[in-house]
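Notes for the one structure printed next.
The figures here come from the full heavy-atom set of this structure, side chains too, leaving out hydrogens, waters and symmetry mates.
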Amino acid sequence: MCQVQTEREKGAGAGAGAGAGAGAGADTCPIIAPPFVTYLVCLKNMATKVHVGMETEMNGNGVPETFKNNWKKRLIEFSGKMKRSPSWLWRTIWKVGREDPRRMIHAFKVGLSLTLVSLLYLMEPLFKGIGTNAIWAVMTVVVVLEFTAGATLCKGLNRGLGTVLAGSLAFLIEFIATKSGKVFRAVFIGAAVFLIGTTATYMRFFPYIKKNYDYGVVIFLLTFNLITVSSYRVENVLKIAHDRSYTIVIGCGICLFMSLLVFPIWSGEDLHNSTVGKLEGLAKSIEACVNEYFNDSELKENQEKSSEDPIYKGYKAVLDSKSTDETLALYASWEPRHSRHCYRFPWQQYVKVGAVLRQFGYTVVALHGCLLTEIQTPRSVRALFKDSCIRLAGEVTKALMELANSIRNRRHCSPGILSDHLHEALQDLNTAIKSQPRLFLGSNNNQANNMLALAAAHAARHNKPEKDGHGVSLSSVKTDSSALMEWKTKRASEQAKENERKVLRPQLSKIAITSLEFSEALPFAAFASLLVEIVARLDNVIEEVEELGRIACYKEYNPEEDEIIVKCEKPPVDVAKNQLPTHASD
């Protein structure tokens, strides 16, 4: 190895170099070099060390052992994944079809529709009459055919209406433009494109059009511009537009036929069943939440549960249902009236019921949060109120299940939904709380001691030394030994002081929290107040459901004819997973 000396080190090492040169071996060759040369030589030495180190790990074939082992490990992992992929694929197919068998029906309907529309290409007589414009029919089927009949009707009629209006207006513009000269024709077409494009785009912001006909306006703009602009250079553009409109109508007809006549799937039924499932999910969440709260072993396990918690599943579908309810209500409004009275079904009232259920679900979320808090009421204290809370939760659960059954069977609620049992359970909880005033107020001695503890924690937090050492000394409130320890602490490094402050803050927080012993039942008080709030919000849910029954003309309650269903054995279908996204409007 060569020792490189810079010009700055020359003078300092001149005297020592003479003595060291005699004892140096052949590997020592002092050099005088500028700094950048020193940097290059150091890089070369480092590269030499790395090369020598790699050579020690080479095998007989010149391949590094670590490199070879990594590739072997990756190949083994890849082969294991390939072996597991068939079983994983089969489980996924089975799970998706088992959740909702209608998904398989919809897949077959799409495949059959594409096969039928492909006949325009495959059959020679049809291809001669339509030509390459048959591709527009295929595109229409892919874009328009949706999972439910309402969604297909909405997109199909929007597409057909937009195409017809755009073609008619384009023909009118072309007829006027052909009567003028070539220059005036170009100006007229440009002005028409600007005026129609600006007007149609601005109309998309109208709430009613944005909600119902936005897709149709987009298709109108696309078709109008294609026909109008192309007509200036292509002479037979009107014939092409006619053929394309014809094939689009064929595609829309196939989609409507498949959606309305071949195993139809109605958005209104999905919205109806979704509302029933949300009521049942809330009922199960409340019942399970109260039962787990008074079971200490399950309460500890619940703190480590993930989103697979059944309580979480019950109210999650309610909180995430806003956009799904509005979409289903919109599509249901496009569906034909298949009721025997042929009246307009109040789908928007289902949206109002969903909004009330979300407000109700927020309270259930807070109730579930009481199971996950760091501070818990002792089990012995909770046992004093166990029977009254479980009874009250049971009455709320019965009321929610009765509401779910009334919507499922399209009948009015039972007159006894708000029976005296719910009122009695609420009174029992109130009486049980009033019978234990010491648990919520505590003795005066405990209050005084805990207030002193809080004051001491507050003083310790505000009297700790600052970074620059000019803060208030803690020795004024401590003993001599503590002052000596503080003096030793000041001589520590700045990093040690910063770490000490970081540890001190959570300790003071724990002191302040644990000093609230005067109110052992305070966490339970929050739990009980949320339970009472659930009862109060139950009235709003009942009012909206009764309003739905009145507008939809539900039948009257008859205990002899109606079958009371307490629990739903089959889990409700998550209709949000059936809404396939549209990635383009072509």
Side-chain angles (χ1 to χ4, degrees), residues 106 109-110 112-114 116-117 120 133-171 196 199-201 203-227 241-271 324 326-339 342-348 351 578-586:
H106 175 68
K109 287 164 64 175
V110 173
L112 181 59
S113 300
L114 291 174
L116 291 177
V117 79
L120 298 176
N133 289 318
I135 192 63
W136 289 88
V138 178
M139 294 174 60
T140 301
V141 171
V142 173
V143 174
V144 171
L145 189 56
E146 294 287 343
F147 183 78
T148 61
T152 303
L153 277 168
C154 179
K155 298 191 71 174
L157 294 180
N158 269 276
R159 185 178 180 86
L161 185 62
T163 302
V164 171
L165 291 178
S168 302
L169 186 59
F171 290 157
I196 298 300
T199 304
T201 303
M203 290 178 65
R204 292 183 64 188
F205 294 101
F206 294 178
Y208 183 76
I209 293 180
K210 182 179 181 180
K211 181 180 179 181
N212 296 278
Y213 303 104
D214 185 73
Y215 181 72
V217 175
V218 173
I219 297 299
F220 170 82
L221 283 173
L222 177 64
T223 307
F224 175 78
N225 283 276
L226 285 176
I227 297 176
H242 178 268
D243 294 340
R244 288 184 179 180
S245 301
Y246 185 65
T247 55
I248 289 174
V249 170
I250 293 176
C252 289
I254 293 176
C255 293
L256 295 179
F257 174 79
M258 285 294 174
S259 296
L260 298 177
L261 300 179
V262 181
F263 299 104
I265 302 172
W266 306 105
S267 299
E269 292 295 328
D270 281 353
L271 181 60
T324 304
E326 293 177 351
T327 303
L328 290 176
L330 172 63
Y331 292 155
S333 64
W334 284 85
E335 293 176 350
R337 313 302 169 198
H338 50 274
S339 61
C342 296
Y343 52 81
R344 184 176 178 84
F345 208 75
W347 301 116
Q348 291 301 322
V351 178
N578 294 332
Q579 303 297 325
L580 299 178
T582 301
H583 300 285
S585 59
D586 64 282

Open item on the list: Please give me the minimum heavy-atom distance between T223 and A166, naming the atom from each residue.
Closed with: CB-CB, 3.7 Å
Task: Any residue meeting ring pair (Phe, Tyr, Trp, His ring centres under 6.0 Å) with F205, in chain and number order, not counting sequence neighbours - done: none
TODO: Just do the side-chain contact (heavy atoms from CB on, under 4.5 Å) check on F220 and I196 with the steps written out, would you?
DONE: CA-CA 10 Å; F220 170 82; I196 298 300; 3.7 Å; yes
TODO: Would you mind reporting whether W266 and L260 have side-chain heavy atoms less than 4.5 Å apart?
DONE: yes
Task: Heavy-atom side-chain contact between V141 and M258 under 4.5 Å - done: no
- [ ] Take Y208 and Y213 through the side-chain contact (heavy atoms from CB on, under 4.5 Å) test and state the conclusion after the steps.
- [x] CA-CA 8 Å; Y208 183 76; Y213 303 104; 3.5 Å; yes
TODO: Supply the atom-to-atom distance D270 CG to L328 CG, rounded to the nearest 0.5 angstrom.
DONE: 6.0 Å
- [ ] Please name the pair of heavy atoms, one in W334 and one in N212, separated by the smallest distance, quoted to 0.1 Å.
- [x] CZ2-O, 3.6 Å
TODO: Report the C-alpha distance between Y215 and V143 in whole Å, list the side-chain angles of each, state the deciding distance to 0.1 Å, and finish with yes or no for side-chain contact (heavy atoms from CB on, under 4.5 Å).
DONE: CA-CA 11 Å; Y215 181 72; V143 174; 3.1 Å; yes
TODO: Just jot down the ring pair (Phe, Tyr, Trp, His ring centres under 6.0 Å) partners of F263, sequence neighbours excluded, or say none.
DONE: none
Open item on the list: Ignoring hydrogens, what is the shortest heavy-atom contact between A332 and S267? Give both atom names and the distance.
Closed with: N-CB, 3.9 Å
Task: salt bridge (Lys or Arg N to Asp or Glu O under 4.0 Å) partners of residues 241-267, not counting sequence neighbours, each pair once - done: K239-D243
Open item on the list: Suppose the criterion is salt bridge (Lys or Arg N to Asp or Glu O under 4.0 Å): which pairs have a residue in residues 206-223, not counting sequence neighbours?
Closed with: R204-D214
TODO: Assess whether atom CZ of F171 is packed by more than 12 heavy atoms of other residues, nucleotides or ligands within 6.0 Å.
DONE: yes
Open item on the list: When you compare the side chain of T247 with that of T140, does any pair of heavy atoms fall below 4.5 Å?
Closed with: no
Task: Atom of A329, atom of Q348 and distance for their closest heavy-atom approach - done: CB-NE2, 3.9 Å
Task: Which atom of A200 lies closest to which atom of L221, heavy atoms considered - done: CB-CD2, 3.6 Å
Task: Where G268 and E335 come nearest, the two heavy atoms and their spacing - done: N-OE1, 3.4 Å
Task: salt bridge (Lys or Arg N to Asp or Glu O under 4.0 Å) contacts in which one or both residues fall within residues 250-268, not counting sequence neighbours - done: none
Open item on the list: Nearest 0.5 angstrom please: S333 OG to W347 CH2, how far?
Closed with: 10.0 Å
Open item on the list: Under the rule for side-chain hydrogen bond (donor to acceptor under 3.5 Å, both in side chains), what residues qualify as partners of T152, not counting sequence neighbours?
Closed with: S259
- [ ] First locate atom CG of L116, then atom CD1 of I250, and finally report the distance between them rounded to the nearest 0.5 Å.
- [x] 12.0 Å
TODO: State the CD-CG distance between E146 and L153, to the nearest 0.5 angstrom.
DONE: 11.5 Å
TODO: Test side-chain contact (heavy atoms from CB on, under 4.5 Å) on L222 and V218 and set out the steps.
DONE: CA-CA 6 Å; L222 177 64; V218 173; 5.6 Å; no
Open item on the list: Nearest 0.5 angstrom please: I254 CD1 to L120 CG, how far?
Closed with: 6.5 Å
Open item on the list: For the CD1 atom of I248 and the CE atom of M139, what is their distance to the nearest 0.5 Å?
Closed with: 8.5 Å
